[in-house]
Structures are given as structure tokens and as C-alpha cells.
Amino acid sequence: MAKYGNNARAIEGLVREAEVHRDVYVDPEIFELEMEHLFPNSWIYVGHASQLAKPGDFVTANIGRQPVMASRHSDGSIHVFYNRCPHKGVKIASEPCGNTGKFFRCPYHAWSFKTDGSLLAIPLKKGYENTGFGDTQANEGLSKIKNVVIYRDFIFARLSDNGVSFEDYFGESLSTIDNMVDRSPEGKLAIEAAPIRYMHTCNWKMLVENQTDTCHPMVAHESSAGTAVKVWKREQGDSTETPMAVQLYGPFMSPYEFYEQSGIRIWPNGHGHTGVANSIHSNYSDIQGYLGQMVAAYGEKRAHEILGEVRHNTVYFPNIMVKGAVQILRNFIPIAVDKTLVESWVYRLVGAPDKLYERALMYNRFINAPTSIVGHDDLEMYERAQEGLKSNGNQWVNLRRLYESNEEQDVTAVINGTSERQMRNQFHAWAKFMTMDMDQHVEAAE
Amino acid sequence: MIDEKTIADFIYREAELLDTMQWQAWLDLFHQEGRYWMPLEWQQQDPVLQPSLMYEDLLLLKVRVERLAGERTFSQKPKSRCHHLLQAPRIVACDEAAGMFKTRTSYIYTETRGDMLERYSGWASHELVRSGDDLKIKLKRVDLVNFDAPFGNIQLFM
């Protein structure tokens with residue numbers, strides 16, 4: 001029974017000041033509308049320019065349900081287009097990444113395309129003479145996505161022709177990507193390997209919310225982080241140096257007070273981050289030689305500024321999280337209303353010691369892998385929520401922690417680190433980008 | 001004397017300990033410097049500077065085993081169980097003089113929890129060393145045939 005399609009009023013009604021209706025997580029129609037409206041209206045991460053080092057390199061991705069690809073053209077420029085042949089709709093590239101050589105060639109009827117997407121050749125071309133083919137969209141080649149921005153090598157695309165500009169959409173939130181890139185002495189990141197992939201049987205937004213949920217680690221992760229700390233205390237003997245592994249697990253057991261003072265910063269359009277004053281990543285051991293490289297590259301003052309900014313999780317609405325201090329990006333890819341593929345990427349800081357890359361890879365497999373003892377309990381919570389929300393006893397999810405009446409929307413603010421305001425911020429953005437291309441809105445309140 | 005039968009029996013015994021959830025006895029099979037490795041790439045060479053699903057020393061394996069029994073280990077309510085179906089191990093190296101032995105064993109692994117059942121296929125490669133009259137695991141490497149696919153929770157040991 002369709003009740004939300006092109007009904008902005010009904011969709012906006014799902015998001016109250018400090019509560020959201022369970023339909024945002026469990027209703028298949030809402031999921032379809034997210035694919036049709038929310039994802040095309042938002043700026044979505046497609047890939048990283050380091051994956052497109054040489055002409056002919058390509059990566060594939062989905063924006064919502066729609067398959068897209070990015071390629072490096074012979075002139076060095078990067079193009080993003082829909083991954084479907086203009087002839088019969090066959091996907092041109094089926095692999096996550098690769099090099100196509102000088103042109104793409106559809107495997108079905110051998111239509112070929114330059115690496116900027118334009119049509120190169122069709123076999124038996126004369127069969128199209130005097131057919132009006134020149135006036136069709138197919139003659140233009142692979143349909144191009146017009147709104148593409150490459151920000152410090154991060155490739156973002158917005159499918160809708162109309163909408164919020166990249167600069168207005170992300171605003172100051174780009175400072176987390178800046179910090180991650182600046183942590184390379186050469187100001188450069190590189191993807192060197194495939195991501196860790198982890199399938200979640202839950203709605204994608206549960207994962208996004210969890211990124212700034214600071215009241216769960218000491219509860220849900222007591223079994224993993226707490227046990228790691230306990231076992232290390234028992235086994236450490238005379239060791240004075242805490243192993244890297246224990247340094248990564250330990251801070252998950254930080255008390256509420258730690259998270260309260262570390263703070264959350266929110267930005268307009270649903271972006272925000274935990275770990276303003278400091279974070280669970282603040283007390284890792286120094287890595288030999290790294291500070292020297294940074295000082296040589298940036299000078300004493302700037303190097304300390306960069307390394308002193310140790311943010312925890314930055315949510316880029318709608319569906320990625322960036323961890324600048326550990327060089328990880330998690331992509332929460334919606335598959336179905338109750339199915340989400342999580343791909344967690346690690347970036348190497350070009351020019352920095354190997355040890356930093358080793359640490360980021362270790363963090364990624366400790367926290368973000370299907371074999372992760374931290375991830376196991378997170379997924380367990382999401383799955384239980386996906387089931388529990390089917391209950392009719394209460395149809396609302398409560399996001400009222402540290403809510404103040406008349407909370408301002410679409411502002412920048414730093415608040416108590418255990419607030420659920422970033423989740424409220426996300427849902428405000430959710431309603432906005434879901435409905436911005438629909439007709440009937442709720443009248444603005446006085 | 002350690003012969004090929006001794007080595008094969010060791011591999012079967014290891015799987016049996018996992019299937020019967022005798023975690024401590026399983027940990028006791030590891031050498032002090034032993035490692036459990038699940039690569040994330042085809043014929044991966046480097047466990048540290050290439051991504052892996054797991055690369056754990058004895059300390060981290062102890063954390064896992066202890067966690068499984070924890071009162072607040074929510075993802076183990078209900079508990080998982082597992083089943084190993086092994087092909088006869090192939091002895092890759094048997095150097096009695098050096099006390100170094102290597103095997104490769106094709107397997108089908110099943111992990112179940114509640115109403116869920118997941119099945120995985122791959123190869124386990126063991127590097128064993130002599131320790132007194134016994135063998136110990138220096139490295140257990142688990143290569144899944146579909147290492148690049150997205151999985152749900154894998155909570156026990158292949």
C-alpha cells in the first residue's frame with residue numbers, strides 16, 4: 001500500500017523534533033523513495049582518484065540503486081557516467097575496478113566508447129544511416145553525470161541536475177577530509193587494496209547513526225574491548241609497552257565522562273563528527289620518524305596543528321563515515337530496506353612510515369570486518385533493532401538525549417559529546433533531501 | 001618420531017577441538033609465537049601491509065576465546081557452533097631434522113547460530129613445529145575461496 005510516494009507531507013511527518021517513526025527503517029516503500037529521491041539529491045562518494053592513476057583506469061559504484069562508473073580519460077581528466085550501454089542497457093564494466101585500455105567495449109554488440117564516455121564506434125554502422133540515430137540519446141554515448149566534484153582526490157557525484165551545490169552541501173565539514181589528506185607529508189592519499197566488505201541485515205541508517213553514538217561502546221563492546229584490556233592486564237607480565245592491538249581496543253571502554261567532554265560538532269545538511277576536543281584515537285603511540293617528516297613538510301606549528309586535530313568519526317550525510325586520524329572511510333551501501341553492504345577502505349598516507357598504514361589496516365580488521373569482535377556486537381544490535389521495530393507497541397524511535405526545545409536546524413555547533421543531536425541533524429537532512437523534489441510540503445511553522 | 005600420520009592426526013584433532021568447543025585445548029596447540037591468519041587477497045604474501053580478515057597472535061586469540069564465554073557477549077546469545085569437514089591433509093613439507101612440517105587441507109566449514117547456517121569453503125595451510133614430543137602451530141592460514149565476498153558475522157574459527 002503506497003502512502004509516501006510524492007507525499008512530502010507524509011514523509012516529513014516521520015521526523016519529529018526528537019523522534020523518528022520506525023517506517024524510516026522498516027518500510028520498503030520508504031526505501032524505494034530513498035533510492036529515487038534521497039540518494040540522487042545528495043552528493044555521494046564514488047571513489048578516490050588514486051584508484052584512477054593511469055588513463056583507462058576505472059572504478060564502478062552504485063548511487064542508490066543506479067550503477068555508475070568513473071574513469072580516467074587519456075587527457076588525464078576524470079569522468080563519471082552511468083554504467084549501462086546506450087544500446088540495450090548492459091553494464092559496461094562488471095568489476096569493482098580495472099583498466100579498460102584506450103576504450104570501453106560493450107561485451108554484447110561491441111559498441112565502443114572513449115574513456116570520457118563518448119561514442120567511439122558501432123559495428124555495421126551503416127545500418128544506422130537514415131534511421132534518425134543521430135538524434136537519439138544513444139548517439140551521445142554513455143550518459144554522463146553532470147554534477148561531479150573531485151575534492152582533494154575524493155570523487156563525489158550528484159545525480160539530480162538540480163540541487164544543492166557541492167560547496168553548500170558539505171561546507172566546513174570538508175575539514176575532516178582536509179585533515180586526513182594533510183596527515184600525509186606529501187599531502188596525498190593512496191588506495192592500495194580492496195576494502196573489507198561486511199554484509200549487514202539491517203537498514204543502512206542504523207549504521208550511520210551508530211557512528212556518532214557515544215553511549216554504546218562501553219556497553220555493547222564491553223565483551224570485546226573490555227576483555228582485551230582484561231586479558232592484557234593479566235598477561236602483560238613485565239612488558240612496559242602496550243601492544244598496538246591493545247591501544248586500539250582499549251579506548252572503546254572509555255567512560256561516559258570521556259565522551260561527554262570530547263564533544264560533537266554538527267554542520268548543516270546532516271554532517272557532523274564526534275571527538276572535538278580529543279578522541280579515542282588521541283593516545284596512540286608516536287610512530288618513529290613521522291613527526292620529523294611532518295615538521296619538515298609543514299613547519300613546526302602547522303605540523304602540530306594537523307596532528308593535534310584527532311577527530312573520531314565524521315559522518316558525511318547520507319552514507320559515508322571518514323576517520324581522518326586513522327585514514328579509514330566506511331561506505332554504507334543500501335541494498336534493501338533491511339540489507340546494507342559496508343565497504344571499509346584504508347588510505348595510505350603517501351610518504352609516511354609503513355607503520356601508520358599497518359595501524360590503519362589493523363584498526364580496520366579489528367573493528368570493521370565480518371571477523372571483528374567489535375563488529376559482531378554492533379551487528380547484533382542492528383539486527384535486533386530491525387526485528388524489534390516491527391513491534392506495534394511503540395512506533396517511534398527516541399532521539400531525545402540532550403534535546404533542547406527550539407533546537408536550531410542546519411547550523412554549526414559544538415555540543416556535549418553524548419548528545420543525540422547529530423542523529424536529529426541527520427534526520428532533518430533526511431527529510432529535506434527526500435522531499436526537495438516533491439510537491440506537497442508541510443507549511444513552514446511560524 | 002613425527003611421521004605423516006602424526007601430522008595428519010594433529011590436523012584432525014585441531015578441527016575436532018574446534019567442533020567440540022574445547023577452546024582452551026585448541027589454544028594450547030599454538031606455539032608461543034603462533035599466528036592465525038585469514039588473508040583478504042588471492043595468494044596474499046604480506047599479512048601486515050596488505051589487508052587481512054584476521055592476523056592474530058596468541059594474546060588476541062585468547063581475547064576471542066574469553067569473549068565467547070562472556071556474560072555480556074550479546075552476539076553469542078544464542079551461542080554459535082561450527083563443523084569442519086576436511087579433505088585428507090596434503091603434507092607439503094616434512095623436515096624431521098629441522099622439526100618443520102607444512103600441510104595444506106581443503107575444507108568446508110559450517111558456522112551456525114540460532115536459525116542461521118552459513119557455509120564456507122577454502123584451504124587451511126598449517127606450519128607446524130616440533131615442541132618436545134608434540135607439534136605446535138606456528139601459523140594457521142585460512143584462505144577462503146571467496147575471500148572477496150561480503151560476509152555476515154564469522155564468530156568462530158575455520
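Naming: A, B, ... by sequence-line order, numbering from 1 per chain.
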Requested in this report: Rounded to the nearest 0.5 Å, what's the gap from CD on B:Gln155 to OG on A:Ser372? Could you check?
Outcome: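 Output value for this atom pair is 10.0 Å.
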Requested in this report: Locate the shortest heavy-atom distance separating A:Arg197 from B:Pro150; write the atom from each residue and the value.
Outcome: NH1-CD, 3.3 Å
**Report entry** Greatest number of heavy atom pairs closer than 4.5 Å to chain A - which of B:Ile154, B:Leu59, B:Leu40, B:Leu68
**Finding:** B:Ile154
Query raised in the report: Under a 4.5 Å heavy-atom cut-off, does chain A meet the side chain of B:Asp148, its backbone, both or neither?
Result: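 Answer is backbone: N, CA, C or O of B:Asp148 sit under 4.5 Å from chain A.
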Requested in this report: Specify the closest pair of heavy atoms between B:Pro51 and A:Ala194, including all atoms of both residues, with the distance to one decimal.
Outcome: CG-O, 4.0 Å
Report task. Using non-hydrogen atoms and a 4.5 Å limit, figure out which bit of B:Phe147 sits close to chain A: side chain, backbone, both or neither. Result -> neither
Query raised in the report: How long is the gap from CD on B:Gln50 to OH on A:Tyr357, to the nearest 0.5 Å?
Result: 8.0 Å
Query raised in the report: Between B:Glu56 and chain A, which part of the residue has a heavy atom less than 4.5 Å away: side chain, backbone, both or neither?
Result: side chain
Requested in this report: Could you verify whether a donor N or O on one side chain and an acceptor N or O on the other, from A:Ser224 and B:Arg67, lie under 3.5 Å apart?
Outcome: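 Their side chains do not contain a donor-acceptor pair, so the 3.5 Å distance test is not met.
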Query - Positive for side-chain contact (heavy atoms from CB on, under 4.5 Å) with B:Asn153, one of A:Ile373, A:Thr371, A:Thr201, A:Leu379 - result: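 Answer to the side-chain contact (heavy atoms from CB on, under 4.5 Å) test with B:Asn153 among A:Ile373, A:Thr371, A:Thr201, A:Leu379: A:Leu379.
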Query raised in the report: Is it the side chain or the backbone of A:Ala220 that comes within 4.5 Å of chain B heavy atoms, both, or neither?
Result: backbone
Query raised in the report: Which atoms of A:His376 come close to chain B, meaning under 4.5 Å heavy atom to heavy atom: side chain ones, backbone ones, both, or neither?
Result: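 Contact with chain B: backbone and side chain both.
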Query raised in the report: Is there a side-chain contact between A:Thr227 and B:Thr73, using heavy atoms and a 4.5 Å cut-off?
Result: no
Query raised in the report: Does A:Arg365 reach the side chain of B:Leu53, with side-chain heavy atoms less than 4.5 Å apart?
Result: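 Contact flag for A:Arg365/B:Leu53 side chains = no.
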Query raised in the report: Between atom CG of B:Leu49 and atom CZ of A:Arg348, what is the distance when rounded to the nearest 0.5 Å?
Result: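 The distance works out to 6.0 Å.
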Query raised in the report: Within a strict 4.5 Å, meaning less than it, do heavy atoms of the B:Val48 and A:Leu361 side chains meet?
Result: no
Query raised in the report: Non-hydrogen atoms of chain B under 4.5 Å away: do they reach the side chain of A:Ile196, the backbone, both or neither?
Result: both
Query raised in the report: Between A:Asn364 and chain B, which part of the residue has a heavy atom less than 4.5 Å away: side chain, backbone, both or neither?
Result: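 It is neither, since no heavy atom gets under 4.5 Å.
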Report summary line: Interface check, chain B: of A:Arg234, A:Glu383, A:Glu343, most non-hydrogen pairs under 4.5 Å belong to A:Arg234
**Report entry** Closest heavy-atom pair and its distance - B:Leu60, A:Ala245
**Finding:**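 B:Leu60 and A:Ala245 have their closest heavy atoms at CD2-CB, 3.9 Å.
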Query raised in the report: Where is the tightest heavy-atom contact between A:Met381 and B:Phe74, given as atom of each residue plus distance?
Result: CE-CB, 3.5 Å
Query - Region of A:Pro195 in contact with chain B, defined by heavy-atom distances below 4.5 Å - result: backbone
Query - Separation of B:Glu71 CD from A:Glu222 CD (nearest 0.5 Å) - result: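 CD of B:Glu71 is found 10.0 Å from CD of A:Glu222.
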**Report entry** Minimum-distance pair of heavy atoms, taken over all atoms of A:Pro370 and B:Phe151
**Finding:**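 Residues A:Pro370 and B:Phe151, closest heavy atoms: CB-O, 3.6 Å.
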Report task. Under 4.5 Å heavy-atom distance to chain B, tell me which part of A:Val342 shows up: side chain, backbone, both or neither. Result ->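 Answer is neither: A:Val342 stays 4.5 Å or more from chain B.
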Report task. Taking B:Arg72 for its side chain and A:Val219 for its backbone only, find out whether a donor-acceptor pair lies under 3.5 Å. Result -> no
Report task. Determine whether more than 12 heavy atoms belonging to other residues, nucleotides or ligands lie under 6.0 Å from atom NZ of B:Lys79. Result ->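 Correct, the count exceeds 12.
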